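From a predicted model like this one, the values you see are computed outputs, not experimental measurements.
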Amino acid sequence: MWIVPESEIAALVSREAAFDAVEKVFAAMASGEARNFPVVREALGHENALYGFKGGFDAAGGALGLKAGGYWPHNLERRGLINHQSTVFLFDPDTGRVSAMVGGNLLTALRTAAASSVSIAHLARKDAKVMGMVGAGHQSVFQLRAALEQRDFDKVIGWNLHPEHLSRLEEVASEKGLPFEAVPLEGLKEADVIITITSSFDAILTTDHVSPGTHIAAMGTDTKGKQELSADLVAAATVFTDEVAQSVSIGEAQHAVLGGLIGEGDITEVGAVINGAAPGRVSADQITLFDGTGVGLQDLAVAASVVELAIAKGVAIEVAV
Ligand code: NAD
């Protein structure tokens, strides 16, 4: 079995590699070659932690395994550790033997950013110029850095509940030589692409804040009850997702589905667009929405690519099991 420690991940995974792995696995999910297993997520009753497993099998890519981990809200203040903690375990699909253990913290940020990027690549207008951000937490910088590579943007605008954190986004924009402007929610009407990446439990963006032709990647809602977009905004958009079952239960679409505004049949897996089995954007004034709920197969796909590279570079540790 190979161990790839968290500390090695940054030097091993490029944004391009994460994008390729996630794009391929979304395509495999839509063609039925890869499937995610039901998610387990439990409150531990200890340290206020949420802990769980996201697993799956990708017959096309040969990845079998799970990501175990969750959210420990007091880590940073009490121990100087990041609050999201996870580890990916891979297994040999032919024998069931464990094949690798890979640090999952940075991988999570990279695979989540890769997911919104894949959606932008396939669904945003080609002439998109203004990139809008809602949220300025840990994930947001990864999201923005990856998104800026998908179109020829000339400006970044952003809103955050705590405006003092927007400087993080300004720094990422300036890496690309782009101006950044903090805006009120109404200011997001200027955006051609919007990523939402907050932990909100109430709608932030409504139809009043989004212009026709915008692509929205809603990435923050990954649990029952969370919400970033009003249900009528979701209903006004053409909805795409990573996995329909998660979109309607723990994703952004849950509220519009519960309210009877849309049904499962109105939601298309982005993998079907990648495969050419479903149309993506069909007009310049359509609002497209990617409901990125986060699937275990994303973690497995990126982790599997990391293990190969780590072995090749001599930084994977081999242990007998
Ligand atoms: P974080 O705690 O670092 O940042 C949270 C962000 O949400 C901040 O910008 C904060 O200002 C904002 N926020 C909090 N409460 C809000 C409210 N009531 N209204 C508006 N904004 C509010 O978290 P993070 O690591 O950046 O993660 C952000 C979200 O993304 C979380 O909900 C997390 O669970 C989710 N996430 C999703 C995936 C996925 O695959 N879809 C992957 C990782 C994280």
Side-chain angles (χ1 to χ4, degrees), residues 1-10 12-30 33-41 50-72 82-93 98-119 138-139 142-143 146 197 217 219-223 241-243 245-247 250-251 269-271 290-310 316:
M1 161 184 172
W2 296 97
I3 297 177
V4 185
E6 182 69 43
S7 56
E8 298 291 346
I9 303 294
L12 291 168
V13 196
S14 65
R15 283 191 294 284
E16 294 76 12
F19 182 103
D20 285 349
V22 169
E23 187 181 50
K24 278 201 187 80
V25 87
F26 281 169
M29 281 162 52
E33 291 167 290
R35 68 191 172 98
N36 292 288
F37 303 150
V39 175
V40 174
R41 199 162 161 89
L50 284 174
Y51 174 70
F53 314 105
K54 279 187 169 184
F57 177 45
D58 176 3
L64 170 67
L66 58 90
K67 179 168 83 168
Y71 188 70
W72 276 257
I82 66 169
N83 293 349
H84 286 278
Q85 291 291 332
S86 61
T87 306
V88 179
F89 296 88
L90 298 174
F91 298 82
D92 179 343
V98 64
S99 58
M101 183 177 119
V102 184
N105 297 348
L106 180 58
L107 278 189
T108 299
L110 292 170
R111 65 74 144 151
T112 307
S116 58
S117 276
V118 166
S119 84
H138 178 72
Q139 305 291 332
F142 296 92
Q143 291 285 323
I197 183 76
M219 304 305 294
T221 298
D222 55 358
T223 303
T241 189
D242 40 24
E243 189 181 86
Q246 288 199 177
S247 172
I250 59 169
E269 291 193 355
V270 73
F290 174 64
D291 183 3
T293 65
V295 293
L297 282 170
Q298 280 169 259
D299 299 293
L300 304 188
V302 181
S305 71
V306 162
V307 175
E308 278 173 34
L309 256 177

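Scored by the side-chain hydrogen bond (donor to acceptor under 3.5 Å, both in side chains) test, Ser247 finds Asp291 as partners (sequence neighbours excluded). The side-chain hydrogen bond (donor to acceptor under 3.5 Å, both in side chains) check on Glu269 picks up nothing, with sequence neighbours excluded. Here Ala60 pairs with Ala28, Glu33, Asp58 under the side-chain contact (heavy atoms from CB on, under 4.5 Å) rule; sequence neighbours left out.
Under the 3.5 Å distance criterion, with hydrogens and angles disregarded, no donor-acceptor pair is assigned to the side chains of Ser86 and Lys54. Side-chain atoms of Asp242 and Thr293 form a donor-acceptor pair, as typed in the model, at a separation below 3.5 Å. Using a 3.5 Å distance cut-off with no hydrogens or angles, the side chains of Gln143 and Ser116 do pair a donor with an acceptor.
Taken from NE2 in His138 to CG in Asn105, the straight-line distance is 7.5 Å, to the nearest 0.5 Å. Remark: Asp92 CG to Ser99 OG distance equals 6.5 Å, nearest 0.5 Å. Taking CD of Glu243 as the reference point, atom CE of Met29 lies at 5.0 Å (rounded to 0.5 Å). To the nearest 0.5 Å, atoms CG (Leu64) and CZ (Phe57) are separated by 6.0 Å. Expressed to the nearest 0.5 Å, how far CZ of Phe89 lies from CG of Leu300 amounts to 12.0 Å. Distance CG/Asp20 to OG/Ser14: 8.0 Å, rounded to 0.5 Å.
When all heavy atoms of Ala18 and Leu110 are compared, the closest pair comes out as CB-O, 4.1 Å. Of all heavy-atom pairs spanning Phe53 and Ala68, the tightest one is CD2-CB, 3.8 Å. Considering every non-hydrogen atom in both Phe26 and Ala115, the closest pair reads CZ-CB, 3.9 Å. Of all the heavy atoms in Arg111 and Val22, the pair that sits closest is O-CG2, 4.0 Å. Closest of all the heavy-atom pairs between Thr108 and Gln139 is O-OE1, 4.4 Å. Closest heavy-atom contact between Leu297 and Asn36: N-OD1, 3.0 Å.
Checking side-chain atoms of Gln246 against main-chain N and O of Gly294 turns up a donor-acceptor pair under 3.5 Å. When atom types are taken as modelled, the side chain of Glu6 and the backbone of Leu106 share a donor-acceptor pair closer than 3.5 angstrom.
Considering Gln298, Lys24, Glu23 as possible partners of Val118, the one that fulfils the side chain to side chain contact (heavy atoms under 4.5 Å, CB included) test is Glu23. Each of Asp299, Leu12, Thr87, Ile9 was compared with Val102 under the side chain to side chain contact (heavy atoms under 4.5 Å, CB included) criterion, and only Ile9 meets it.
Ring pair Trp72/Tyr51 is perpendicular by interplanar angle, where above 60° counts as perpendicular and below 30° as parallel.
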Arg15 vs Phe142, side-chain contact (heavy atoms from CB on, under 4.5 Å): CA-CA, chis, key distance, verdict:
CA-CA 9 Å; Arg15 283 191 294 284; Phe142 296 92; over 6 Å; no
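Around CZ of Arg41, the count of heavy atoms belonging to other residues, nucleotides or ligands within 6.0 Å exceeds 12.
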